[in-house]
**Student:** 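First, the structure itself, so that you have it in front of you.
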2 protein chains.
Amino acid sequence: MDKKYTIKDIAQMAGVSKGTVDRVLHNRGKVSPAALEKINEVLNVIDYEPNLIARNLKNTKIYKICVLLPDPEIDSYWLPCVNGIQDAVKEFKPYSVNITIQYFNPESKKSFVSANNAVLNLEPDAVLIAPVFHKETIEAVKVYEESNVIVNTFNNQIESNAVKCFVGQDLYKSGRVAASLMNLILSEGQIAIVHIDESLKNAVHMQEKEKGFRSYFEEKKLNSFLLTTLKLKHPNVESKFLNFLEENPDLKGIFITTSKAYQIATTLSGLKDKKIALIGYDLIEKNVNYLNEGLLHFLIHQNQKRQAYLGVSTLAEHFLYSKEIPETILLPIDIINVENADFYIY
Amino acid sequence: MDKKYTIKDIAQMAGVSKGTVDRVLHNRGKVSPAALEKINEVLNVIDYEPNLIARNLKNTKIYKICVLLPDPEIDSYWLPCVNGIQDAVKEFKPYSVNITIQYFNPESKKSFVSANNAVLNLEPDAVLIAPVFHKETIEAVKVYEESNVIVNTFNNQIESNAVKCFVGQDLYKSGRVAASLMNLILSEGQIAIVHIDESLKNAVHMQEKEKGFRSYFEEKKLNSFLLTTLKLKHPNVESKFLNFLEENPDLKGIFITTSKAYQIATTLSGLKDKKIALIGYDLIEKNVNYLNEGLLHFLIHQNQKRQAYLGVSTLAEHFLYSKEIPETILLPIDIINVENADFYIY
DNA sequence: ATAAAAAATGTGCTCGAACACACTTAAAAA
DNA sequence: TTTTTAAGTGTGTTCGAGCACATTTTTTAT
């Protein structure tokens, strides 16, 4: 019943040679109707599963997968991704899949373009892109498509049907999750939605989260809340935020749409009298520290490590085992507080 | 640089035959110091990774893994586990690993014992047990050890160093997580810790959760809360609970330590005037429905599906790729509310 | 010095799928 | 009927690791 049948077994049972069986299995034609029927009869009775091990043995091609990632030394947000990729590298090392990372400067479009050119020169079979620059990515993807290179993206979504698969999170929903948590901590008052970012690369990202956040309060008709949006940019994050605090002395909660919640927490830790609910994103060390201190109340885990890992592993498994690549992989929106954070940090 | 070296390559480089290289790689002895040195020199320079595909090709042994699981038709709690196992079955079908499930009646120790005997007759290479019956499991594990069968457990932990690996959750911590959420919904009042179970099989399980729950309030010195424990057993869950409600009219919150939170929610849905915070376990359909209705506030996801999957997949990968089996795999304590539940339901 | 034993080394086959190529049989054309 | 072409079928090799066995070299004993 659970015996593993081989092509040779089938050939024997059908009274033909393994070559003929092979032709039937792969629709290579050149098979007489009589032989076809005999073989199909056998195939209908038994449950043939080709031995993937043997199939791949013959395949000496080394598949090349390139990952385009912002340099984590410039923006440490991307560090977990490197770990995720390295996990995949380790996993697929014994197989004929070669994974390389190409870093670029997340503040320089030029750097992104030249990184793409470098990748193209490596003639990869597939690439995984963190599409920080929208327009430039669209163009790069076009070139990859012409060269028959499979493209996966992660973290940020871009609209292009040349992209095979996107790994990420439903940002709108994650904003709603944040809102539901905020509504649990507070029952009324002013809440600020704060966008902190050096560049405005994540504009769409942050907007989606804000939309989701606001939708929750609107839908539930929670009129006792007042939502205010605040944009902060690199050199003067703290000063501008302090201004905002002075102008809004009754602020009760802050939803930070990026991983920079720790910056707000740092500022607030200097003001002892303020008791403000903070919800942010990502389990980076500084955030977790403030979680432990009780200044940060919730973090939403975007699990970039797993995003990056899944981005390449689906590609590798596609090449190795001809697994299908799903169009989108949406990771769960993990709710983290001080009590369960440990289990999400690797 | 990233070329894949084969044993033949190494043999050629070292000026010996592949047989000798093989002996060195596997410490099979019978190698002259001169040859050993030459080969080691080559191995130090290049980065040899044996081709696992080729290695496993020759290995025609079909590994047998048996899963001992309570019949999900008797207790639907175990249904997700079946799905997890079936995922693993699908994944490893093309390889020489055979996974079978042996069901037993979770209310009958006799059934568990006979299931173990049936499994033993199949002469498995490894088993994964849901150790519902503590004493019986310990004894069964002893027998498996004597027959050199690897034993993994999941869901419940048992103390036996004959068990190779446990997959589960930190129950104490999960109780603390529940407490932290309760403390967010309520700021004072009486909270009931409710243990619901047909049999008292999960005694340790539930106790650990209660300990964790209580520890949170004790540690934070939250004296405005009053914690009460309530045990409910099958035939008269509702009546006893209604009694309890009458005797404790000021009850503000309930923490249900099993997956039966929906039973409490059902009863409460009949009493319109009560507004009680509910936190329970497991994303079973009935619970999720009450989550959507707003009667249940939080669920803690124990992810039995993944527990079962990991339980067998670590075994399969151990056999196929000689991966190490970790001693314990602790799954994260996922916090679920109505906003993020979708992403955890498969 | 020669035979016997031991140690070291090399050869060749296996696993299952895939595919090139050789071969046989049947059908169509001369 | 014979030749040519096409259709159908079978054989043999490859992939890399692993291991049995044959062969060669070295060491030890007689």
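Within every chain, numbering begins at 1; the chains are lettered A, B, ... in the order of the sequence lines, protein sequences first and strands thereafter.
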**Student:** When you measure from the side-chain N and O atoms of B:Arg55 to the phosphate of D:dG16, is any distance below 4.0 Å, counting only OP1 and OP2?
**Tutor:** no

**Student:** May I have the distance from A:Asp22 (atom CG) to D:dG10 (atom C1'), rounded to whole angstrom?
**Tutor:** 12 Å

**Student:** Report yes if at least one side-chain N or O of A:His26 is closer than 4.0 Å to OP1 or OP2 of C:dC19; otherwise report no.
**Tutor:** no

**Student:** For the residue pair A:Asp9 / A:Thr6, report whether a side-chain donor-acceptor contact shorter than 3.5 Å exists.
**Tutor:** yes

**Student:** What do you reckon, is NZ of B:Lys305 surrounded by more than 12 foreign heavy atoms closer than 6.0 Å?
**Tutor:** yes

**Student:** First locate atom OG of A:Ser160, then atom CZ of A:Phe166, and finally report the distance between them rounded to the nearest 0.5 Å.
**Tutor:** 13.0 Å

**Student:** Nearest whole Å is fine: how far is D:dA17 P from B:Lys8 NZ?
**Tutor:** 10 Å

**Student:** Under 6.0 Å from the CD atom of B:Gln12, do we count more than 12 heavy atoms belonging to anything else shown?
**Tutor:** no

**Student:** First locate atom CD of A:Gln169, then atom CZ of A:Arg306, and finally report the distance between them rounded to the nearest 0.5 Å.
**Tutor:** 12.5 Å

**Student:** Let me know the distance between CD1 of B:Ile10 and P of D:dG18, rounded to the nearest Å.
**Tutor:** 11 Å

**Student:** Whole angstroms only, please: what is the CZ-P distance between A:Arg28 and C:dC21?
**Tutor:** 14 Å

**Student:** For the pair made of NZ in A:Lys38 and C1' in D:dT9, what is the distance, rounded to whole Å?
**Tutor:** 11 Å

**Student:** Identify all pairs in which a protein N or O lies below 3.5 Å from an N or O of nucleotides 8-12 of chain C, and state each distance.
**Tutor:**
unit_1: C:dT9; atom_1: OP1; unit_2: B:Ser32; atom_2: OG; d: 2.5
unit_1: C:dT9; atom_1: OP2; unit_2: B:Ser32; atom_2: N; d: 2.7
unit_1: C:dT9; atom_1: OP2; unit_2: B:Ser32; atom_2: OG; d: 3.0
unit_1: C:dG10; atom_1: OP2; unit_2: B:Ser17; atom_2: N; d: 2.6
unit_1: C:dG10; atom_1: OP2; unit_2: B:Ser17; atom_2: OG; d: 3.0
unit_1: C:dG10; atom_1: OP2; unit_2: B:Thr20; atom_2: OG1; d: 3.1
unit_1: C:dG10; atom_1: N7; unit_2: B:Arg23; atom_2: NH2; d: 2.9
unit_1: C:dG10; atom_1: O6; unit_2: B:Arg23; atom_2: NH1; d: 3.2
unit_1: C:dG12; atom_1: O6; unit_2: B:Lys18; atom_2: NZ; d: 2.8

**Student:** Rounded to the Å, how far apart are A:Asn27 CG and C:dC19 P?
**Tutor:** 13 Å

**Student:** To the nearest Å, give me how far apart CD1 (A:Ile7) and P (D:dT11) are.
**Tutor:** 15 Å

**Student:** Using a 4.0 Å heavy-atom cut-off across all strands, classify B:Asn51 as base, sugar-phosphate, or nothing.
**Tutor:** sugar-phosphate

**Student:** Supply the atom-to-atom distance A:Ile65 CD1 to A:Leu128 CG, rounded to the nearest 0.5 angstrom.
**Tutor:** 9.0 Å

**Student:** Using side chain to side chain donor-acceptor pair (under 3.5 Å), reason through A:Tyr144 and A:Asn116 one step at a time and then give a plain yes or no.
**Tutor:** CA-CA 9 Å; A:Tyr144 287 122; A:Asn116 272 295; 2.6 Å; yes

**Student:** Does a side-chain N or O of A:Tyr5 approach OP1 or OP2 of C:dA17 to a distance below 4.0 Å, or not?
**Tutor:** no

